[in-house]
Amino acid sequence: MSLPTHWWWVRHAPVPGAPGRLFGQLDVSCDTSDIDTFRILAAVLPGDAIWIVSSLTRTRETMQAIAAAGTRLPEPIEEPALSEQNFGLWQGLSWSEMEADDPEVYTTFWQDPVRSAPPEGESYAEHLARARAAIWRLTARYAGRTIVCVSHGGTIRAAVATALGLDADT
C-alpha cells in the first residue's frame with residue numbers, strides 16, 4: 001500500500017495587460033505586487049513540501065514572491081510538462097484578434113475546442129495527456145509527500161480532471 005501524495009496548486013500571478021489574452025507558453029513575467037496575497041499564501045502553504053514550477057518565468061516569479069512574503073522555500077523542481085497549453089500562433093493574442101486573423105480556422109477550432117489545436121499549437125486533450133502523465137510520474141516519485149506546484153490555469157484544470165478521473169471532454 002502506497003502513501004497518499006498531497007498536491008497544492010497555485011496559479012501564477014497575473015500577467016500585466018493581459019485581460020482577454022492567451023499567453024500559453026510565451027515566457028512572460030507576471031505582476032507580483034500584491035504583497036498581501038503573497039503573505040497569505042506564505043502563511044498557508046506548507047513550506048516543508050516539494051516545490052515544483054513550470055519552465056515558464058511567471059511560475060518561478062510567483063514562487064519567489066511567496067518566499068519573499070515570509071517563508072523559506074527550497075529550490076523548486078522545474079517541470080516543463082506542467083507548462084500551460086501551447087496556443088501556437090495564437091499566443092499573445094486576444095480572442096477577437098484570433099478570430100480576425102483567420103475566421104475560418106477560429107470557427108473550426110470552436111467546433112471541437114477539446115481536440116482542435118490552434119495553428120501550430122496543441123489541443124486541450126494533448127495538454128491534458130501531457131500534464132496527466134507528469135502528475136502521475138511526480139505522484140509516484142514523491143509518494144507520501146506534499147507537493148506545491150505553481151503552474152497555470154489550464155494545467156490546474158488538467159490536475160482537477162486527473163484527480164476526478166475525468167476525460168478531456170468532461
Side-chain angles (χ1 to χ4, degrees), residues 1-16 18 21-88 91-92 114 117-118 121-170:
M1 180 174 148
S2 64
L3 297 170
T5 305
H6 299 277
W7 284 81
W8 292 66
W9 291 89
V10 177
R11 185 187 180 274
H12 64 78
V15 174
R21 294 201 176 277
L22 291 178
F23 287 97
Q25 292 187 3
L26 287 179
D27 199 16
V28 296
S29 286
C30 60
D31 177 4
T32 58
S33 64
D34 186 357
I35 303 302
D36 291 336
T37 296
F38 292 111
R39 281 190 189 123
I40 292 167
L41 286 169
V44 172
L45 293 170
D48 62 344
I50 304 293
W51 281 71
I52 297 175
V53 294
S54 82
S55 56
L56 299 174
T57 300
R58 55 195 183 265
T59 62
R60 188 174 292 270
E61 289 174 343
T62 299
M63 182 186 165
Q64 290 167 343
I66 294 167
T71 190
R72 186 176 173 153
L73 300 177
E75 183 64 26
I77 296 164
E78 185 176 290
E79 179 51 63
L82 296 177
S83 291
E84 183 60 275
Q85 181 177 345
N86 182 346
F87 291 102
Q91 294 182 144
V114 170
E122 70 181 334
S123 70
Y124 177 71
E126 291 168 326
H127 178 224
L128 174 60
R130 168 173 54 83
R132 180 171 278 161
I135 291 165
W136 286 123
R137 177 175 39 79
L138 293 163
T139 296
R141 180 179 298 157
Y142 299 109
R145 299 287 308 270
T146 298
I147 298 171
V148 176
C149 182
V150 183
S151 193
H152 309 272
T155 304
I156 293 169
R157 283 188 290 280
V160 171
T162 299
L164 297 175
L166 304 176
D167 63 22
D169 292 309
T170 306

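Just so you know, residue 1 is the first one in the sequence shown, and it goes up from there.
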Summary of side-chain hydrogen bond (donor to acceptor under 3.5 Å, both in side chains) pairs that have at least one residue in residues 127-138, sequence neighbours excluded
Glu79-Arg137, Glu122-Arg130, His127-Thr155, Arg132-Thr162
Nearest-0.5 Å distance that lies between atom CD1 in Ile135 and atom CH2 in Trp7:
6.0 Å
Pair Glu75 + Arg60, salt bridge at N-O below 4.0 Å
yes
Distance check, rounded to the nearest 0.5 Å: Arg141 atom CZ versus Ile147 atom CD1?
9.5 Å
Among side-chain atoms of Thr139 and Thr5, is any donor-acceptor pair under 3.5 angstrom?
no
Using 0.5 Å steps for rounding, measure from the CG atom of Leu56 to the CD atom of Glu78.
8.5 Å
Do any N or O atoms from the side chain of Gln25 and from the backbone of Ser83 form a donor-acceptor pair under 3.5 angstrom?
no
Would you give the length of the straight line joining atom OG1 of Thr32 to atom CD of Glu61, rounded to the nearest 0.5 angstrom?
6.5 Å
Over all atoms of both residues, closest heavy-atom pair of Thr170 and Leu166
CG2-CD2, 3.7 Å
Nearest non-hydrogen partners of Ala13 and Asp31, listed with the distance
CB-O, 3.3 Å
How close do Val15 and Ser29 get, counting heavy atoms only, and between which atoms?
CG1-O, 3.8 Å
In Å, rounded to the nearest 0.5 Å, how long is the span from CE of Met63 to SG of Cys149?
10.5 Å
Can a donor-acceptor pair be found, under 3.5 Å and without considering hydrogens, that links the side chain of Thr62 to the backbone of His12?
no
Is the backbone N or O of Thr57 less than 3.5 Å from a side-chain atom of Asp27, with the two atoms forming a donor-acceptor pair by type?
yes
Identify every side-chain donor-acceptor pair in residues 35-53 under 3.5 Å, counting partners at least two apart or on other chains, and give the distances.
{"residue": "Asp36", "atom": "OD1", "partner": "Arg39", "partner atom": "NH1", "Å": "3.3"}
{"residue": "Thr37", "atom": "OG1", "partner": "Asp34", "partner atom": "OD1", "Å": "3.3"}
{"residue": "Thr37", "atom": "OG1", "partner": "Asp34", "partner atom": "OD2", "Å": "2.6"}
{"residue": "Trp51", "atom": "NE1", "partner": "Pro46", "partner atom": "O", "Å": "3.4"}

Check whether any side-chain heavy atom of Asn86 sits under 4.5 Å from a side-chain heavy atom of Gln91, and report yes or no.
yes
Please find the pair of heavy atoms, one from Leu138 and one from Leu82, that lie closest to each other, and give the distance.
CD1-CD1, 4.0 Å
Just checking, is any N or O donor in the side chain of Glu84 or Ser54 under 3.5 Å from an acceptor N or O on the other one?
no
Taking all non-hydrogen atoms of both residues, which atom of Pro118 and which atom of Phe87 are closest, and how far apart?
CB-O, 3.4 Å
Heavy atoms only: give me the nearest Ala117-Ser123 pair and the separation to one decimal.
CB-N, 3.6 Å
